[in-house]
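Residue numbers start at 1 and run along the sequence shown. Only a predicted model underlies this, so the values are computations on that prediction, with no experimental measurement involved. Only this structure's heavy atoms are used, side chains among them; waters, hydrogens and symmetry mates stay out.
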Amino acid sequence: MRAQALLPILLLCVLLLQARGRQHSQKTNQKQQPPEIKQCEKRPKIYMCKIPCTDDLECQANNICCSTFCGNICMNVL
């Protein structure tokens, strides 16, 4: 008898957790925006095209991720 009462409770818990997870992921997706990558101010050397980036966090200090003829690369700002 106890096992029969426990099964619906477990099912209800699983359904509630799934519903809560969907709402959380939808809110998270709305907040995230793709990073804005600007055009590079100077023309890069061809060897720099081998290391692509998607945002500034992937670049080392004093470098930014910017757009060039060969894609997005890390370029020194100094």
Side-chain angles (χ1 to χ4, degrees):
M1 186 73 166
R2 289 183 183 180
Q4 291 176 346
L6 186 60
L7 186 60
I9 292 172
L10 288 174
L11 181 63
L12 180 62
C13 289
V14 169
L15 291 174
L16 288 173
L17 287 173
Q18 286 180 347
R20 184 173 181 217
R22 277 192 219 121
Q23 291 174 351
H24 177 69
S25 65
Q26 288 173 352
K27 289 179 184 177
T28 304
N29 289 340
Q30 291 173 353
K31 291 179 184 178
Q32 294 176 350
Q33 295 178 352
E36 184 178 327
I37 298 177
K38 298 179 181 176
Q39 189 75 18
C40 292
E41 294 180 7
K42 52 188 176 181
R43 188 172 174 89
K45 305 285 188 218
I46 194 70
Y47 70 88
M48 296 173 79
C49 294
K50 294 180 182 177
I51 305 171
C53 63
T54 56
D55 62 9
D56 293 336
L57 297 175
E58 294 179 10
C59 301
Q60 295 178 354
N62 295 327
N63 289 326
I64 60 167
C65 185
C66 59
S67 179
T68 65
F69 66 92
C70 62
N72 299 334
I73 62 166
C74 293
M75 182 173 275
N76 195 328
V77 294
L78 300 177

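With sequence neighbours excluded, no residue forms a side chain to side chain contact (heavy atoms under 4.5 Å, CB included) with K50.
Within 6.0 Å of NZ in K42 there are more than 12 heavy atoms belonging to other residues, nucleotides or ligands.
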Please set out all donor-acceptor pairs under 3.5 angstrom arising from side-chain atoms of residues 57-75, sequence neighbours excluded.
from: E58; atom 1: OE1; to: T54; atom 2: N; distance (Å): 3.1
from: E58; atom 1: OE2; to: T54; atom 2: OG1; distance (Å): 2.5
from: N63; atom 1: OD1; to: N76; atom 2: N; distance (Å): 3.1
from: T68; atom 1: OG1; to: C70; atom 2: N; distance (Å): 3.3
from: T68; atom 1: OG1; to: G71; atom 2: O; distance (Å): 2.9

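When hydrophobic residues (I, L, V, M, F, W, Y) are linked wherever their side-chain heavy atoms come within less than 4.5 Å, I51 remains an isolated member.
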